[in-house]
Amino acid sequence: MDPQDHIGLLSVMPAALAIVLAFVTRNTVFSLAVACFVGVITLGNGLMGFPTLLKETLGTTSFSWILLLELFIGTVIAFFQRTGAIQNFTAWVERRALSRVRVQLIAWVMGMFVFFSDYFSPLFVGSTMRGLTDRYRVSREKLAYIADSTSAPVSVMVPITGWAVFISGLLIGMGPIENAAQAMGVFLHAIPFNLYAWLSVLVVGLVIVGVIPLFGPMREAERRAQEEGKVLRDGAEPLVGEELTEIPPYEGARTSLLWNFFAPVLVVIGVAVGTFIVMDSAKTMEAFLAASVFLGIVMRLQGIPFSDIMKTSMAGMKGVMPAIIILALAYSLNQLSKDMGTANYIVEATAGWLTPALLPTMTFLIAAVIAFSTGTSWGTFAIMMPLAVPLAFNFSGDMVTPLVYATVAAVAGGGVFGDHCSPLSDTSVLASTGAASDHIDHIKTQIPFALAVALLSLAAYLLLGLTL
């Protein structure tokens, strides 16, 4: 579809319908399915359009990748629980002088530490810290917020992640940028201008220590957890199967924190970072496959029967199925949005507003709307970079200037903001999964903080645009 091709206001309807239904019904699967069905009918594809959409969308390499990644992550988390690694880690941390605030700060730091994968980070932080935060009466919504706000915002600022490679790759050929080295140089210079990402991570820390007071639904969630001891609201549906939350440690196994927790984590980090250095691409899925195999071998050497290891692996895969189903429907809706020209319509409707002074501000705003409507940061980058960055070069006389850096950063930050708040977002789904939180409760409690940061970012970009 060409940039100008869309079906008008109707192109926004499926995504808008999914978001509204998700908040009204609190059932994300139903909301996404209805939105996809209405979308294919609107496109004139008939009743068979829905299964055809699923078949074509899910039979792709990109979905196969995230499916396998989720299954291997589920296996690793299940192995962590079966060997008692999570409990041992919890006990190890608790031996330090802890408080409710310190437990949350540990989760915050862990989220920033696992910077190489926005998929692994929220799952790792949520699943490893959930026992501790439950014990200290931290709501699941708060844990999901911490995990979500230290995943994509950190990944988009670190130059040795897939995010950096993808964004810099999009810049090649624009203005005077002729090769990957020059593109990465622009990305590096744009990092200080990525206001939303910086502020998102900072605000989490300030909220934890109480400098920024709780407000909105998060305040009620934390009151409920502290005063009533309910880390989940009554009637909440945690976005993770019981198979993954109720796995008891194997009795009599000679497990250790080093071999059953820290070593597998180092395997994941080593493979992901190592493949990035050698191959210019972090092989995250392969890293979790390696960790699964490593843990399985360690478990067998520790006396756990092979049949139990396989049963635990299957339980882990079953446990992540709720997240996989939502991701499958979200991918389908994203493809539907592409077919209907949703992003093209949004860009065309706002194109006339762009001036040099307003370029960073409007770029951030448009990127945020597209990402919120589609639930994808990377898709937003692919749409907005070729539109906004050439405009910045046009205004700068084909020179790499701070206006160009600010525009690149505004696309990156806007994409992360929209992805951050959308119930259709894969990283938000994974944050809910890791924290075992109700997905819509996570989104409702996180949106006010994300909006506040976005408004600050918009104001800063407006001032920046006037001075560039």
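Owing to the predicted nature of the structure, the values given are computational and were not obtained by experimental measurement.
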* Asked: In terms of side-chain geometry, is the basic nitrogen of E228 or R137 positioned less than 4.0 Å from the acidic oxygen of its partner?
  -> no
* Asked: Is there a donor-acceptor pair under 3.5 Å between the side chain of T361 and the backbone N or O of L462?
  -> yes
* Less than 6.0 Å separating the ring centroids of F372 and F417? -> no
* Asked: Would you say H189's side chain and Y405's backbone share a donor-acceptor pair under 3.5 angstrom?
  -> no
* Polar side-chain atom of S31 near backbone of L21 as donor-acceptor pair, under 3.5 Å -> yes
* Are I443 and S428 side-chain neighbours, meaning at least one heavy-atom pair lies under 4.5 Å? -> yes
* Asked: After noting the C-alpha distance and the side-chain angles of K142 and V207, does the key distance pass the side-chain contact (heavy atoms from CB on, under 4.5 Å) rule?
  -> CA-CA 10 Å; K142 182 78 168 292; V207 167; 3.9 Å; yes
* **Test item: P14 and L336 side chains (from C-beta on) under 4.5 Å apart, heavy atoms** => yes
* Asked: Does R100 offer a backbone N or O that forms a donor-acceptor pair with the side chain of Q104 under 3.5 Å?
  -> yes
* Structure fact -> In terms of heavy-atom contacts, A406 and L464 come closest through CB-CD2, 3.9 Å
* Does the side chain of L17 come within less than 4.5 Å of V34's, by heavy atoms? -> yes
* Asked: Is a side-chain N or O of S151 found less than 3.5 angstrom from the main chain of P122, in a donor-acceptor match?
  -> no
* To do: Decide whether Q335 and T57 meet the rule of one side-chain donor and one side-chain acceptor closer than 3.5 Å.
  => no
* **Minimal non-hydrogen separation, V267 against A287, with atom names** => CG1-O, 4.4 Å
* **Flag side-chain contact, heavy atom, 4.5 Å: Y145 against T445** => no
* Residues D134 and R130 bridged, charged N to O under 4.0 Å -> no
* More than 12 heavy atoms of other residues, nucleotides or ligands under 6.0 Å from CH2 of W108: is that the case? -> yes
* Asked: With a 4.5 Å heavy-atom cut-off, do F393 and P176 have their side chains touching?
  -> yes
* Between S332 and L58, is a side-chain contact (heavy atoms from CB on, under 4.5 Å) present by the stated rule, with each step listed? -> CA-CA 7 Å; S332 300; L58 306 187; 4.2 Å; yes
* Asked: Looking only at heavy atoms, what is the nearest atom pair of I167 and A412, with distance?
  -> CD1-CB, 4.1 Å
* Point-to-point distance, once rounded to the nearest 0.5 Å, from OG of S149 to CD of Q446 -> 4.5 Å
* Asked: Which atoms form the tightest heavy-atom contact between L10 and M340, and what is the distance?
  -> O-CE, 3.5 Å
* Asked: Do L199 and S457 have side-chain heavy atoms sitting under 4.5 Å apart?
  -> yes
* Asked: Under 4.5 Å between any side-chain heavy atoms of L456 and V203, yes or no?
  -> no
* Compare every heavy atom of G413 with every heavy atom of N194, then report the nearest pair and how far apart it is. => OD1-CA, 3.4 Å
* Sub-3.5 Å donor-acceptor pair from the side chain of S11 to the main-chain atoms of I7, do we have one? -> no
* To do: Quickly, which of K444, R219, R224, R233 forms a salt bridge (Lys or Arg N to Asp or Glu O under 4.0 Å) with E141? Name it, please.
  => R224
* Is the backbone N or O of F193 less than 3.5 Å from a side-chain atom of Y461, with the two atoms forming a donor-acceptor pair by type? -> yes
* Among D438, L232, D441, which one satisfies side chain to side chain contact (heavy atoms under 4.5 Å, CB included) with E237? -> D438
* To do: Work out which heavy atom in E178 is nearest to a heavy atom in I172; give both atom names and the distance.
  => O-CG2, 3.8 Å
